[in-house]
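Written out below as C-alpha coordinates is the structure these notes cover.
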Amino acid sequence: MANDREVLREIWEGRLPVCFQLNSEETYSLQAPDAYYLMVPRLSYFPLVTDKVRKHFLKYINPEKQEAEMWLDFNGQPLRWHYPIGVLFDMYASDIQLPWNITVHFDKFPEDELLHCPSREVVESHFMSCIKEADVLKHRSQVVSNMQKKDHNQLWLGLQNDKFDQFWAVNRKLMEASGEEVFKYIPFRCYRGDGPFVQHLVRPVTEEGQKKTLHHLISEVFPNETDLHVMTHGIEPPWETPLQWLSEHLSYPDNFLHLCIQTS
Amino acid sequence: MAGTVSWEEFLQCTNNFLEISDQLLDGWKLCGRTDSPGSAYLVKKLVVFERTEKESKLCDTFEEPLDTFLEDKSMLENTVEERTTWEYHVMYNQSYSVPTLHFNAWRSDGALLSLEEVWGRALKCYRGSLEDDKWTVLTQQEHPILRRPFYTLHPCRTAEFLESLKEKSSNILITWL
(Lines give C-alpha, C1' and ligand atoms only; values in the text may rest on other atoms or scores of the structure.)
Protein backbone atom coordinates (compact mmCIF):
# COMPACT_ATOMS: atom_id res chain seq x y z
CA MET A 1 0.00 0.00 0.00
CA ALA A 2 1.35 3.42 -0.89
CA ASN A 3 1.50 4.94 2.58
CA ASP A 4 4.08 7.61 2.18
CA ARG A 5 1.64 10.19 0.91
CA GLU A 6 4.16 13.00 1.01
CA VAL A 7 6.37 11.16 -1.43
CA LEU A 8 3.40 10.57 -3.73
CA ARG A 9 2.53 14.28 -3.57
CA GLU A 10 6.06 15.45 -4.33
CA ILE A 11 6.31 13.12 -7.30
CA TRP A 12 2.91 14.28 -8.55
CA GLU A 13 3.91 17.93 -8.40
CA GLY A 14 7.16 17.61 -10.38
CA ARG A 15 7.36 20.28 -13.08
CA LEU A 16 9.82 21.16 -15.86
CA PRO A 17 10.39 24.56 -17.51
CA VAL A 18 10.16 24.28 -21.30
CA CYS A 19 10.89 26.83 -24.01
CA PHE A 20 8.99 25.94 -27.20
CA GLN A 21 10.17 27.43 -30.48
CA LEU A 22 8.80 27.00 -33.96
CA ASN A 23 11.02 25.25 -36.49
CA SER A 24 12.47 28.25 -38.33
CA GLU A 25 11.93 26.62 -41.75
CA GLU A 26 8.20 26.55 -41.13
CA THR A 27 7.79 30.22 -40.32
CA TYR A 28 5.49 31.54 -43.02
CA SER A 29 4.86 34.99 -41.63
CA LEU A 30 7.28 37.87 -42.02
CA GLN A 31 7.88 38.05 -38.33
CA ALA A 32 9.21 35.07 -36.43
CA PRO A 33 7.00 34.07 -33.51
CA ASP A 34 8.05 34.56 -29.90
CA ALA A 35 9.11 31.49 -28.02
CA TYR A 36 6.41 30.01 -25.78
CA TYR A 37 7.36 29.21 -22.20
CA LEU A 38 5.48 26.65 -20.15
CA MET A 39 5.92 24.66 -16.93
CA VAL A 40 4.95 21.08 -17.80
CA PRO A 41 4.12 18.26 -15.38
CA ARG A 42 6.69 15.46 -15.36
CA LEU A 43 3.95 12.88 -14.99
CA SER A 44 1.85 13.92 -17.97
CA TYR A 45 2.16 13.46 -21.74
CA PHE A 46 2.99 16.24 -24.21
CA PRO A 47 -0.27 16.06 -26.20
CA LEU A 48 -2.21 16.75 -22.98
CA VAL A 49 -0.39 19.96 -22.13
CA THR A 50 0.44 21.60 -25.45
CA ASP A 51 -2.92 22.89 -26.72
CA LYS A 52 -1.84 26.46 -26.06
CA VAL A 53 1.51 25.86 -27.70
CA ARG A 54 -0.25 24.75 -30.85
CA LYS A 55 -2.60 27.70 -30.79
CA HIS A 56 0.29 30.10 -30.32
CA PHE A 57 2.31 28.88 -33.31
CA LEU A 58 -0.47 27.97 -35.71
CA LYS A 59 -0.86 31.53 -36.94
CA TYR A 60 2.77 31.71 -38.03
CA ILE A 61 2.81 28.70 -40.32
CA ASN A 62 1.53 28.11 -43.85
CA PRO A 63 -2.24 28.82 -43.70
CA GLU A 64 -2.89 25.61 -45.62
CA LYS A 65 -1.42 23.50 -42.83
CA GLN A 66 -3.77 24.53 -40.05
CA GLU A 67 -5.03 20.96 -39.55
CA ALA A 68 -1.56 19.42 -39.49
CA GLU A 69 -0.47 17.25 -36.59
CA MET A 70 2.04 19.01 -34.35
CA TRP A 71 5.18 17.15 -33.33
CA LEU A 72 8.19 18.04 -31.18
CA ASP A 73 11.91 17.50 -31.33
CA PHE A 74 14.85 18.00 -29.01
CA ASN A 75 18.33 18.26 -30.52
CA GLY A 76 17.03 16.82 -33.78
CA GLN A 77 15.44 13.82 -32.05
CA PRO A 78 11.67 13.52 -32.48
CA LEU A 79 10.10 13.26 -29.02
CA ARG A 80 8.00 10.16 -28.47
CA TRP A 81 4.80 11.65 -27.09
CA HIS A 82 3.71 8.29 -25.68
CA TYR A 83 6.49 8.42 -23.08
CA PRO A 84 5.69 10.51 -19.99
CA ILE A 85 7.33 13.94 -20.13
CA GLY A 86 9.59 13.23 -17.14
CA VAL A 87 10.91 10.09 -18.81
CA LEU A 88 11.86 12.01 -21.95
CA PHE A 89 13.61 14.63 -19.84
CA ASP A 90 15.58 12.09 -17.80
CA MET A 91 16.60 10.27 -20.99
CA TYR A 92 18.20 13.39 -22.43
CA ALA A 93 19.08 14.98 -19.09
CA SER A 94 22.83 15.12 -19.69
CA ASP A 95 22.24 17.26 -22.81
CA ILE A 96 19.68 19.59 -21.30
CA GLN A 97 20.16 22.96 -19.70
CA LEU A 98 17.06 24.55 -18.28
CA PRO A 99 14.79 25.74 -19.74
CA TRP A 100 14.41 22.68 -21.94
CA ASN A 101 14.54 23.92 -25.53
CA ILE A 102 12.07 22.05 -27.69
CA THR A 103 11.33 22.69 -31.37
CA VAL A 104 7.77 22.63 -32.65
CA HIS A 105 6.92 21.21 -36.10
CA PHE A 106 3.80 20.94 -38.21
CA ASP A 107 5.39 19.61 -41.36
CA LYS A 108 7.05 16.33 -42.44
CA PHE A 109 5.70 14.18 -39.66
CA PRO A 110 8.32 11.42 -39.07
CA GLU A 111 6.04 8.43 -39.59
CA ASP A 112 8.79 5.90 -39.21
CA GLU A 113 9.64 7.19 -35.73
CA LEU A 114 6.58 8.69 -34.09
CA LEU A 115 3.14 7.29 -33.40
CA HIS A 116 0.32 9.46 -34.71
CA CYS A 117 -1.70 11.32 -32.13
CA PRO A 118 -4.75 12.75 -33.82
CA SER A 119 -6.81 13.10 -30.62
CA ARG A 120 -6.82 12.80 -26.84
CA GLU A 121 -8.59 9.44 -27.17
CA VAL A 122 -5.36 8.04 -28.58
CA VAL A 123 -3.44 9.20 -25.51
CA GLU A 124 -6.15 7.79 -23.24
CA SER A 125 -6.07 4.46 -25.06
CA HIS A 126 -2.31 4.27 -24.69
CA PHE A 127 -2.42 5.28 -21.01
CA MET A 128 -5.12 2.72 -20.19
CA SER A 129 -3.29 -0.05 -22.02
CA CYS A 130 -0.18 0.65 -19.89
CA ILE A 131 -2.32 0.50 -16.75
CA LYS A 132 -3.77 -2.83 -17.85
CA GLU A 133 -0.38 -4.26 -18.64
CA ALA A 134 0.94 -3.17 -15.22
CA ASP A 135 -2.08 -4.82 -13.63
CA VAL A 136 -1.41 -8.09 -15.46
CA LEU A 137 2.14 -8.02 -14.11
CA LYS A 138 1.20 -7.10 -10.53
CA HIS A 139 -2.08 -8.90 -9.94
CA ARG A 140 -2.73 -11.18 -12.92
CA SER A 141 -5.10 -8.49 -14.12
CA GLN A 142 -7.69 -9.02 -11.43
CA VAL A 143 -7.94 -5.45 -10.24
CA VAL A 144 -8.44 -3.45 -13.45
CA SER A 145 -10.91 -5.91 -14.92
CA ASN A 146 -12.98 -5.78 -11.72
CA MET A 147 -13.15 -2.01 -11.80
CA GLN A 148 -16.06 -0.19 -13.29
CA LYS A 149 -15.66 2.01 -16.32
CA LYS A 150 -16.16 5.06 -14.13
CA ASP A 151 -13.03 4.14 -12.17
CA HIS A 152 -11.02 3.89 -15.37
CA ASN A 153 -12.38 7.31 -16.36
CA GLN A 154 -11.47 8.73 -12.98
CA LEU A 155 -7.84 7.67 -13.41
CA TRP A 156 -7.70 9.32 -16.81
CA LEU A 157 -9.48 12.50 -15.71
CA GLY A 158 -7.34 12.77 -12.59
CA LEU A 159 -4.22 12.69 -14.76
CA GLN A 160 -5.58 15.04 -17.42
CA ASN A 161 -6.83 17.62 -14.95
CA ASP A 162 -3.93 17.32 -12.53
CA LYS A 163 -6.16 16.18 -9.65
CA PHE A 164 -4.03 14.18 -7.22
CA ASP A 165 -6.87 13.14 -4.89
CA GLN A 166 -9.17 12.12 -7.72
CA PHE A 167 -6.41 10.03 -9.31
CA TRP A 168 -5.20 8.34 -6.14
CA ALA A 169 -8.70 7.51 -4.91
CA VAL A 170 -8.67 4.85 -7.63
CA ASN A 171 -4.95 4.26 -8.06
CA ARG A 172 -4.53 3.18 -4.43
CA LYS A 173 -6.47 0.03 -5.34
CA LEU A 174 -3.90 -0.70 -8.05
CA MET A 175 -1.12 -0.17 -5.52
CA GLU A 176 -2.47 -2.75 -3.11
CA ALA A 177 -0.97 -6.19 -3.34
CA SER A 178 -4.46 -7.78 -3.25
CA GLY A 179 -4.22 -10.51 -0.62
CA GLU A 180 -0.53 -11.24 -1.11
CA GLU A 181 2.14 -9.15 0.60
CA VAL A 182 3.75 -8.11 -2.64
CA PHE A 183 3.09 -7.77 -6.36
CA LYS A 184 3.65 -10.79 -8.57
CA TYR A 185 6.06 -8.96 -10.87
CA ILE A 186 7.23 -5.35 -10.78
CA PRO A 187 6.14 -3.28 -13.80
CA PHE A 188 9.17 -1.37 -15.00
CA ARG A 189 10.98 -0.22 -18.13
CA CYS A 190 14.69 0.64 -18.40
CA TYR A 191 15.84 3.17 -20.96
CA ARG A 192 19.39 3.33 -22.15
CA GLY A 193 20.66 5.44 -25.01
CA ASP A 194 18.80 5.01 -28.26
CA GLY A 195 18.01 1.35 -28.10
CA PRO A 196 14.66 -0.26 -27.33
CA PHE A 197 13.61 -0.12 -23.68
CA VAL A 198 14.22 -3.20 -21.60
CA GLN A 199 11.40 -4.92 -19.79
CA HIS A 200 11.88 -8.23 -17.93
CA LEU A 201 9.86 -10.28 -15.50
CA VAL A 202 11.27 -9.44 -12.06
CA ARG A 203 9.73 -10.45 -8.74
CA PRO A 204 9.87 -8.13 -5.72
CA VAL A 205 11.07 -10.92 -3.41
CA THR A 206 13.70 -13.65 -3.64
CA GLU A 207 12.85 -17.36 -3.63
CA GLU A 208 13.42 -17.30 0.14
CA GLY A 209 10.99 -14.44 0.59
CA GLN A 210 13.55 -11.67 1.17
CA LYS A 211 12.67 -8.21 -0.14
CA LYS A 212 14.59 -7.35 -3.27
CA THR A 213 16.06 -3.91 -3.85
CA LEU A 214 16.76 -1.63 -6.82
CA HIS A 215 20.22 -3.13 -6.84
CA HIS A 216 18.78 -6.61 -7.37
CA LEU A 217 16.68 -5.41 -10.30
CA ILE A 218 19.58 -3.73 -12.05
CA SER A 219 21.82 -6.75 -11.50
CA GLU A 220 19.19 -9.02 -13.03
CA VAL A 221 18.54 -6.79 -16.02
CA PHE A 222 22.14 -5.74 -16.67
CA PRO A 223 24.27 -8.54 -15.28
CA ASN A 224 28.03 -8.06 -15.08
CA GLU A 225 27.81 -4.31 -15.42
CA THR A 226 29.19 -1.94 -12.84
CA ASP A 227 29.20 1.82 -12.64
CA LEU A 228 25.60 2.25 -13.69
CA HIS A 229 23.42 5.14 -12.52
CA VAL A 230 19.66 4.89 -12.32
CA MET A 231 17.58 8.02 -12.67
CA THR A 232 13.86 8.46 -12.28
CA HIS A 233 11.84 11.62 -11.63
CA GLY A 234 15.13 13.49 -11.83
CA ILE A 235 16.65 11.70 -8.84
CA GLU A 236 18.89 8.69 -8.25
CA PRO A 237 17.12 6.45 -5.72
CA PRO A 238 19.40 4.65 -3.25
CA TRP A 239 20.41 1.15 -4.34
CA GLU A 240 18.90 -0.38 -1.17
CA THR A 241 15.39 0.90 -1.89
CA PRO A 242 13.01 -2.08 -1.74
CA LEU A 243 11.40 -2.82 -5.11
CA GLN A 244 7.90 -3.17 -3.71
CA TRP A 245 8.12 0.31 -2.12
CA LEU A 246 9.64 1.74 -5.30
CA SER A 247 6.81 0.36 -7.38
CA GLU A 248 4.13 1.66 -5.01
CA HIS A 249 5.57 5.16 -4.67
CA LEU A 250 7.76 6.04 -7.64
CA SER A 251 5.71 4.61 -10.48
CA TYR A 252 4.31 7.01 -13.02
CA PRO A 253 0.51 7.30 -13.31
CA ASP A 254 0.66 4.47 -15.89
CA ASN A 255 1.78 2.27 -12.94
CA PHE A 256 5.19 1.57 -14.46
CA LEU A 257 8.58 2.47 -13.04
CA HIS A 258 10.49 4.24 -15.81
CA LEU A 259 14.22 4.04 -15.10
CA CYS A 260 16.86 5.84 -17.15
CA ILE A 261 20.20 4.09 -17.05
CA GLN A 262 23.45 5.98 -17.49
CA THR A 263 27.02 4.83 -17.30
CA SER A 264 29.37 7.14 -15.47
CA MET B 1 -3.79 -17.73 -16.30
CA ALA B 2 -6.13 -19.05 -18.95
CA GLY B 3 -5.47 -18.46 -22.61
CA THR B 4 -1.74 -17.98 -22.14
CA VAL B 5 1.21 -19.47 -23.92
CA SER B 6 4.70 -19.82 -22.49
CA TRP B 7 7.81 -18.57 -24.30
CA GLU B 8 8.89 -22.16 -24.86
CA GLU B 9 5.51 -23.09 -26.35
CA PHE B 10 5.69 -20.00 -28.54
CA LEU B 11 9.12 -21.04 -29.84
CA GLN B 12 7.93 -24.57 -30.53
CA CYS B 13 4.92 -23.26 -32.39
CA THR B 14 7.07 -20.90 -34.44
CA ASN B 15 9.40 -23.72 -35.49
CA ASN B 16 6.48 -25.85 -36.52
CA PHE B 17 4.86 -22.85 -38.21
CA LEU B 18 8.00 -22.09 -40.22
CA GLU B 19 8.22 -25.65 -41.48
CA ILE B 20 4.70 -25.42 -42.80
CA SER B 21 5.26 -21.94 -44.19
CA ASP B 22 8.35 -23.15 -46.08
CA GLN B 23 6.41 -26.06 -47.54
CA LEU B 24 3.68 -23.72 -48.72
CA LEU B 25 6.18 -21.04 -49.76
CA ASP B 26 4.24 -18.66 -47.57
CA GLY B 27 7.26 -16.46 -46.91
CA TRP B 28 7.50 -16.28 -43.10
CA LYS B 29 10.93 -15.89 -41.49
CA LEU B 30 12.21 -15.82 -37.93
CA CYS B 31 14.13 -12.72 -36.81
CA GLY B 32 15.84 -11.69 -33.60
CA ARG B 33 17.34 -13.87 -30.87
CA THR B 34 15.82 -16.96 -29.36
CA ASP B 35 17.92 -16.90 -26.18
CA SER B 36 15.94 -14.15 -24.48
CA PRO B 37 12.15 -14.38 -23.96
CA GLY B 38 10.34 -12.08 -26.33
CA SER B 39 13.36 -11.35 -28.52
CA ALA B 40 12.45 -13.53 -31.49
CA TYR B 41 9.59 -12.84 -33.87
CA LEU B 42 8.10 -14.05 -37.14
CA VAL B 43 8.10 -11.71 -40.13
CA LYS B 44 6.23 -11.78 -43.41
CA LYS B 45 6.14 -9.20 -46.19
CA LEU B 46 3.45 -9.13 -48.78
CA VAL B 47 2.49 -6.93 -51.71
CA VAL B 48 -1.21 -6.64 -52.41
CA PHE B 49 -2.84 -5.23 -55.49
CA GLU B 50 -6.27 -3.75 -55.03
CA ARG B 51 -8.70 -2.19 -57.38
CA THR B 52 -10.38 0.86 -55.99
CA GLU B 53 -12.87 3.29 -57.44
CA LYS B 54 -11.30 6.25 -59.17
CA GLU B 55 -12.81 9.70 -59.35
CA SER B 56 -13.55 10.95 -62.80
CA LYS B 57 -10.61 12.72 -64.39
CA LEU B 58 -12.31 14.05 -67.48
CA CYS B 59 -12.17 17.65 -66.40
CA ASP B 60 -8.40 17.99 -66.47
CA THR B 61 -7.48 16.14 -69.62
CA PHE B 62 -8.43 18.53 -72.36
CA GLU B 63 -4.90 19.66 -72.83
CA GLU B 64 -4.08 16.30 -74.45
CA PRO B 65 -5.01 15.58 -78.03
CA LEU B 66 -8.29 13.74 -78.15
CA ASP B 67 -6.92 10.58 -79.84
CA THR B 68 -4.24 10.01 -77.17
CA PHE B 69 -6.94 10.36 -74.61
CA LEU B 70 -9.07 7.72 -76.28
CA GLU B 71 -6.13 5.34 -76.64
CA ASP B 72 -5.39 5.39 -72.94
CA LYS B 73 -7.80 2.69 -71.79
CA SER B 74 -7.18 3.29 -68.11
CA MET B 75 -8.86 6.66 -68.42
CA LEU B 76 -12.04 4.93 -69.45
CA GLU B 77 -12.03 2.41 -66.65
CA ASN B 78 -13.58 3.33 -63.37
CA THR B 79 -11.02 1.66 -61.20
CA VAL B 80 -7.33 2.10 -60.49
CA GLU B 81 -4.91 -0.48 -59.26
CA GLU B 82 -3.22 0.41 -55.98
CA ARG B 83 -0.20 -1.43 -54.74
CA THR B 84 0.06 -1.77 -50.96
CA THR B 85 2.93 -3.42 -49.15
CA TRP B 86 2.11 -5.19 -45.89
CA GLU B 87 4.57 -6.36 -43.29
CA TYR B 88 3.42 -8.64 -40.44
CA HIS B 89 5.30 -9.43 -37.26
CA VAL B 90 4.23 -12.04 -34.73
CA MET B 91 5.88 -11.43 -31.39
CA TYR B 92 5.69 -12.87 -27.92
CA ASN B 93 4.40 -10.54 -25.22
CA GLN B 94 5.96 -11.50 -21.90
CA SER B 95 3.60 -9.48 -19.74
CA TYR B 96 0.45 -11.13 -21.12
CA SER B 97 2.08 -14.45 -22.10
CA VAL B 98 0.42 -14.39 -25.51
CA PRO B 99 1.51 -13.87 -29.09
CA THR B 100 0.78 -10.43 -30.51
CA LEU B 101 0.32 -9.35 -34.09
CA HIS B 102 1.97 -6.18 -35.33
CA PHE B 103 1.78 -4.92 -38.86
CA ASN B 104 2.27 -1.96 -41.14
CA ALA B 105 1.02 -1.14 -44.60
CA TRP B 106 2.41 1.33 -47.07
CA ARG B 107 1.06 2.77 -50.32
CA SER B 108 3.15 2.66 -53.45
CA ASP B 109 4.46 6.18 -52.73
CA GLY B 110 5.90 4.96 -49.41
CA ALA B 111 3.35 6.67 -47.19
CA LEU B 112 1.99 4.71 -44.26
CA LEU B 113 -1.70 3.80 -44.33
CA SER B 114 -3.69 5.60 -41.64
CA LEU B 115 -5.58 3.74 -38.92
CA GLU B 116 -8.86 4.50 -40.72
CA GLU B 117 -7.52 3.08 -43.96
CA VAL B 118 -6.34 -0.05 -42.19
CA TRP B 119 -9.72 -0.56 -40.52
CA GLY B 120 -11.38 -0.11 -43.88
CA ARG B 121 -9.33 -2.81 -45.57
CA ALA B 122 -8.21 -5.35 -43.10
CA LEU B 123 -10.99 -6.16 -40.72
CA LYS B 124 -14.27 -6.21 -42.64
CA CYS B 125 -15.44 -9.32 -40.82
CA TYR B 126 -14.82 -7.83 -37.38
CA ARG B 127 -15.98 -4.31 -37.96
CA GLY B 128 -19.51 -4.86 -36.72
CA SER B 129 -18.72 -6.24 -33.27
CA LEU B 130 -15.56 -4.30 -32.59
CA GLU B 131 -16.50 -0.86 -33.91
CA ASP B 132 -17.17 0.54 -30.44
CA ASP B 133 -13.88 -0.64 -29.12
CA LYS B 134 -11.97 0.51 -32.15
CA TRP B 135 -9.50 2.55 -30.20
CA THR B 136 -8.61 -0.22 -27.82
CA VAL B 137 -8.43 -3.22 -30.11
CA LEU B 138 -6.17 -1.99 -32.88
CA THR B 139 -3.79 0.83 -32.10
CA GLN B 140 -0.46 2.16 -33.23
CA GLN B 141 2.28 1.17 -30.82
CA GLU B 142 6.04 1.16 -30.64
CA HIS B 143 7.47 -2.16 -31.85
CA PRO B 144 9.19 -3.63 -28.76
CA ILE B 145 12.40 -4.47 -30.62
CA LEU B 146 12.57 -2.27 -33.71
CA ARG B 147 11.16 0.76 -31.89
CA ARG B 148 9.24 1.92 -34.94
CA PRO B 149 5.48 2.56 -35.05
CA PHE B 150 3.45 -0.55 -35.90
CA TYR B 151 -0.28 -1.23 -35.79
CA THR B 152 -0.91 -3.73 -33.03
CA LEU B 153 -3.78 -5.98 -32.02
CA HIS B 154 -4.26 -5.52 -28.30
CA PRO B 155 -2.94 -8.50 -26.32
CA CYS B 156 -5.71 -8.77 -23.74
CA ARG B 157 -8.19 -9.66 -26.47
CA THR B 158 -5.83 -12.32 -27.72
CA ALA B 159 -5.89 -14.17 -24.38
CA GLU B 160 -9.69 -14.36 -24.48
CA PHE B 161 -9.62 -15.64 -28.03
CA LEU B 162 -6.84 -18.14 -27.43
CA GLU B 163 -8.58 -19.63 -24.45
CA SER B 164 -11.45 -20.69 -26.64
CA LEU B 165 -9.04 -22.31 -29.09
CA LYS B 166 -6.64 -24.09 -26.83
CA GLU B 167 -8.31 -27.44 -26.59
CA LYS B 168 -8.93 -27.74 -30.28
CA SER B 169 -5.60 -26.69 -31.71
CA SER B 170 -2.21 -28.38 -31.86
CA ASN B 171 -0.49 -25.27 -33.10
CA ILE B 172 -2.04 -22.27 -31.46
CA LEU B 173 -0.20 -19.80 -33.68
CA ILE B 174 -1.65 -21.20 -36.86
CA THR B 175 -5.19 -21.26 -35.52
CA TRP B 176 -4.92 -17.76 -34.08
CA LEU B 177 -3.56 -16.24 -37.26
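In what follows, every chain begins at residue 1, and chains take the letters A, B, ... in the order their sequences are listed. Just so you know, these numbers use all the heavy atoms, side chains as well, and skip hydrogens, waters and symmetry mates. Everything quoted here is computed from the prediction, not taken from an experiment.
With a 4.5 angstrom heavy-atom cutoff, Glu124(A) does not touch chain B via any of its atoms. With a threshold of 4.5 angstrom between heavy atoms, Leu112(B) approaches chain A through its backbone and through its side chain. For Glu113(A), the part lying under 4.5 angstrom from a heavy atom of chain B is the backbone only.
Annotation: cation-pi pair Arg192(A)/Phe222(A) present, NZ/CZ under 6.0 Å from the ring centroid and within 45° of its normal.
Contact residues of residues 66-89 of chain A toward chain B are Arg80(A), His82(A), Tyr83(A) (heavy-atom distance under 4.5 Å).
For the options Glu133(A), Met128(A), His126(A), heavy-atom pairs under 4.5 Å to chain B are most numerous at Glu133(A). The most heavy-atom pairs under 4.5 Å with chain A, out of Gln94(B), Gln141(B), Glu142(B), come from Glu142(B).
The salt bridge (Lys or Arg N to Asp or Glu O under 4.0 Å) search around Arg83(B) returns none, not counting sequence neighbours.
Using bins of under 30°, 30° to 60° and over 60° for the plane-to-plane angle, the ring pair His139(A)/Phe183(A) lands in the perpendicular bin. Between Tyr88(B) and Phe103(B), the ring planes lie tilted relative to each other; the angle falls in the 30° to 60° range. Using a 30° and 60° split on the angle between ring planes, Phe127(A) and Tyr45(A) fall in the perpendicular class, above 60°. Ring geometry for Trp7(B) against Phe10(B) counts as parallel: the plane angle stays under 30°, on a 0 to 90° scale with 60° as the upper cut. Ring geometry for His89(B) against His143(B) counts as perpendicular: the plane angle is over 60°, on a 0 to 90° scale with 30° as the lower cut.
No donor-acceptor distance shorter than 3.5 angstrom exists from the side chain of Ser39(B) to the backbone of Thr34(B), with no hydrogens or angles considered.
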